[in-house]
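Please read the structure below before turning to the comments.
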2 protein chains.
Amino acid sequence: MFKLTRKVEYALIALRHMQSKGSEVVTNTKEIAEAYDIPVQLLAKTLQQLAREGIIDPVQGPHGGYRLTANLEDLNLTDFIELLEGPMGLMDCYFDSRCEQLRVCNIRLPIVKINDSIRNLFNQMSLADLTK
Amino acid sequence: MFKLTRKVEYALIALRHMQSKGSEVVTNTKEIAEAYDIPVQLLAKTLQQLAREGIIDPVQGPHGGYRLTANLEDLNLTDFIELLEGPMGLMDCYFDSRCEQLRVCNIRLPIVKINDSIRNLFNQMSLADLTK
DNA sequence: ATTAAATACGACTTTATTAGTCGTATTTAA
DNA sequence: TTAAATACGACTAATAAAGTCGTATTTAAT
């Protein structure tokens, strides 16, 4: 329970790897996959997603790969996780209030508060904090 | 991602329900299941688990049910979740360091820190806070 | 004693989510 | 023209969560 998905893990590993090499350097998927023993295809999809989201910049063709473009100081953990995995909430009703039990639910408010606390915590953390 | 399991939800709903009735009153599974539209059998198993853990006290036979015994002030959210669902960590290596990738992993420490923060947050919250 | 209403609990099935793979297309440097 | 890279949808496999079933036990009420 409460685990990060591999997608998020792999994305963080890759970003940290790229960051340590500097933002001009182009790094390819295979290099990262081998260095950290991650399935290439899966990492590939993850990096493609990061590219679509504008966090890294793709360079196609031979000697291609990705270049880190986003300023990791400006990206917080909540946004990062939601960008990869969609809405992050302890219960669905945090985002979608079509739960049948809502009218009788006696724990919604406290859970919403906890959720806010977690989001707040994650908002305080930039990816730069996590990858340096 | 990051959702509480139903087991935890149902347990919290039940505890809150029982608490609102006072700690001498015996409440049975069916009553709670019907009030909140929860599958009886599943709630039954959950309450049995709470009983095994000493949080509620079973009363067998007709007019039986459960009575709230634990002092909810003394039980924090980390302990409660782990008691129902086992170890709570963003990555398995928080508890079990047999991960093959550990020697190359570049994100372990930051993740451990985040995990500590979440645990810390959850440690501050007693079940009494959540159910009153 | 018998009955019925409750808990106890392991085994099983179903469903949802996550993880990973495959095939094929596109881009581009050499 | 080739080969090394990204792009991406469709598929499959593995894992975890949710829910069901059957059967046993306890005990108050009759």
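Note on naming: letters A, B, ... go to the chains in the order of the sequence lines (proteins, then strands), and numbering restarts at 1 for each one.
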Let's see if you get this right: which residues in residues 46-56 of chain A place a heavy atom under 4.0 Å from DNA chain D?
A:Q48, A:R52
Are the side chain of B:T78 and the backbone N or O of B:R119 linked by a donor-acceptor pair below 3.5 Å?
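Between the backbone of B:R119 and the side chain of B:T78 there is a qualifying donor-acceptor contact (under 3.5 Å).
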Take A:T27 and A:Y66 through the test side-chain contact (heavy atoms from CB on, under 4.5 Å) and record every step on the way to the result.
CA-CA 5 Å; A:T27 312; A:Y66 299 93; 5.9 Å; no
Can you label the angle between the A:F122 ring and the B:F2 ring as parallel, tilted or perpendicular, going by 30° and 60°?
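Geometry flag for B:F2 against A:F122: perpendicular rings.
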Do the side-chain N or O atoms of B:T29 get closer than 4.0 angstrom to the phosphate oxygens (OP1, OP2) of C:dT7?
yes
Suppose we define a pair by two distances each less than 3.5 Å, Watson-Crick or G-U wobble; what does [N] pair with here?
N	value
C:dA25	D:dT6
D:dT15	C:dA16
C:dA30	D:dT1

Without decimals, in angstroms, what is the distance between [X] [atom1] and [N] [atom2]?
X	N	atom1	atom2	answer
A:L84	C:dA19	CG	C1'	15 Å
B:I32	C:dA6	CD1	C1'	13 Å
A:Q60	D:dT6	CD	C1'	5 Å
A:L43	D:dT6	CG	C1'	12 Å
B:Y66	C:dA6	OH	C1'	9 Å
B:K30	C:dA4	NZ	P	15 Å
A:R67	D:dA5	CZ	C1'	14 Å

If you assign A:P58 and A:H63 each to the DNA chain D nucleotide with the nearest heavy atom, which residue ends up on the more 5' nucleotide?
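Its nearest nucleotide lies further toward 5', so the answer is A:H63.
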With 3.5 Å as the limit, what N/O pairs link the protein to nucleotides 14-21 of chain D?
residue	atom	partner	partner atom	Å
D:dA18	OP1	B:R6	N	3.2
D:dA18	OP2	B:R6	N	3.1
D:dG19	OP2	B:Y10	OH	3.1
D:dT20	O4	B:K45	NZ	3.3

Report the C-alpha separation of A:E31 and A:K21 in whole Å, then their side-chain angles, then the decisive distance to 0.1 Å, and conclude whether the side-chain contact (heavy atoms from CB on, under 4.5 Å) test is met.
CA-CA 12 Å; A:E31 171 187 328; A:K21 299 177 64 179; 2.9 Å; yes
In Å, rounded to the nearest 0.5 Å, how long is the span from CG of A:L12 to CD1 of A:I81?
8.0 Å
Gap between atom OG of B:S126 and atom CD of B:Q124 - 0.5 Å precision
10.5 Å
Taking side chain as C-beta onward, heavy atoms only, is A:E85 less than 4.5 Å from A:F80?
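When only atoms from C-beta onward are counted, A:F80 and A:E85 do not touch, as no gap falls below 4.5 Å.
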Give the minimum heavy-atom separation between B:L43 and B:A14, together with the two atoms involved.
CD1-CB, 4.4 Å
side-chain contact (heavy atoms from CB on, under 4.5 Å) between A:L90 and A:I114: does it pass, once the steps are laid out?
CA-CA 8 Å; A:L90 294 178; A:I114 302 173; 3.7 Å; yes
